[in-house]
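Throughout, protein chains are lettered first and strands after them, A, B, ... in sequence-line order, and every chain is numbered starting at 1. Any value given below was found using the heavy atoms of this structure, including those in side chains, with hydrogens, waters and symmetry copies removed.
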Amino acid sequence: MPNYWLMKAEPAEASVDDVLAMPNATVPWTGVRNYQARNFMLDGMQVGDGVLFYHSSCAEPGIVGIARVASGAYTDPTQFDAKSPYFDAASKPEAPRWRLVDVQVLRKTRNLTLLELRADADLQDLIVLKKGNRLSITPVEPRHWHTILQRLGSPGLQEAF
DNA sequence: GCCAACGTTGGC
DNA sequence: GCCAACGTTGGC
């Protein structure tokens, strides 16, 4: 049984279109610097898990694509790069703090906006809608996943998972 | 730009 | 281990 996740990306950094333009439409999910989000990648994710690709910190936040987890967790190299905004001086190569997974976009969708998500009676318990939620990676319950794919008009995509 | 909410840091 | 101060996230 696959798990499902919602992953936030800032379109100014890596939009769904940016990822689609990359080889295999796959992006290393770099820059996660929160232990809870890291642990989801490290302990929770399996290759093939479903991912809702979400745009945050932009004019119209919302779900803009369907993706999948495309690798296991591995060391995020930017933590050792002093020139990177994600540099972490406290992380040592012999004990890396931060990991990432590769994420492959399968399909760009319409923007299922945060406003629509909030207005949807079937999605009230979605973690990303909870007040004060700031986690960039959150688990998604199967019932929420199915509802969202339905709202996106992509029920056929269900078979990919 | 504002600010609520939350995570992290560091002094004690 | 407590908790105040600080930094960050992210919607609005």
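For A:Gln36, taking side-chain heavy atoms from C-beta onward, the closest of the listed nucleotides B:dG7, C:dC12, C:dG10 is B:dG7. Of the candidate nucleotides C:dT8, C:dC12, C:dG10, C:dG10 has the atom lying nearest to any side-chain atom of A:Ser136. Distance from the side chain of A:Arg97 is smallest to B:dT9 among C:dG10, B:dT9, B:dT8. Closest approach to the A:Arg134 side chain among B:dG7, C:dC12, B:dT9 is made by B:dG7 (side chain taken as heavy atoms from C-beta onward). Out of B:dT9, B:dA5, C:dC12, the shortest distance to the side chain of A:Lys131 is found at B:dA5.
Atom NE2 of A:His55 and atom C1' of C:dT9 are 17 Å apart (whole Å). If you take CG of A:Asn39 and P of B:dG7, they are 13 Å apart, rounded to a whole angstrom. A straight line from CG of A:Asn111 to C1' of C:dG11 spans 14 Å, rounded to a whole angstrom. Computed from coordinates, the A:Glu13 CD to C:dT9 C1' distance equals 13 Å when rounded to whole Å. Per the geometry, NZ belonging to A:Lys130 stands 12 Å off P belonging to B:dC6, to the nearest Å. Regarding A:Ile137, its CD1 atom lies at a distance of 14 Å from the C1' atom of C:dT9, rounded to whole Å. Atom CG in A:Leu117 sits roughly 13 Å away from atom C1' in C:dG11 (whole-Å rounding). In this structure, CG of A:Leu115 is placed 6 Å from P of C:dC12, rounded to the nearest angstrom.
Formation of a donor-acceptor pair under 3.5 Å by the A:Ser91 side chain with backbone atoms of A:Arg97 is found in this model. Judged purely by atom type and a 3.5 angstrom limit, A:Lys8 has no side-chain atom pairing as donor or acceptor with the backbone of A:His55.
Between A:Trp5 and A:Phe40, the angle of the ring planes lies from 30° to 60°, which puts this pair in the tilted group.
At the phosphate of C:dT9, neither OP1 nor OP2 sits under 4.0 Å from any side-chain N or O atom of A:Lys8. Close to C:dC12, at under 4.0 Å from its OP1 or OP2, lies a side-chain N or O of A:Arg118. Contact check, A:Tyr54 against C:dG11: a side-chain N or O comes under 4.0 Å of OP1 or OP2.
Residues A:Leu42 and A:Trp29 do not share a hydrophobic cluster, defined by chaining ILVMFWY side chains whose heavy atoms lie under 4.5 Å apart.
Between A:Trp98 and A:Tyr35, the distance separating the two ring centers is shorter than 6.0 angstrom.
Interface remark: the A:Arg33 side chain does not form any donor-acceptor pair with the C:dT8 base, using a distance-only criterion of under 3.5 Å.
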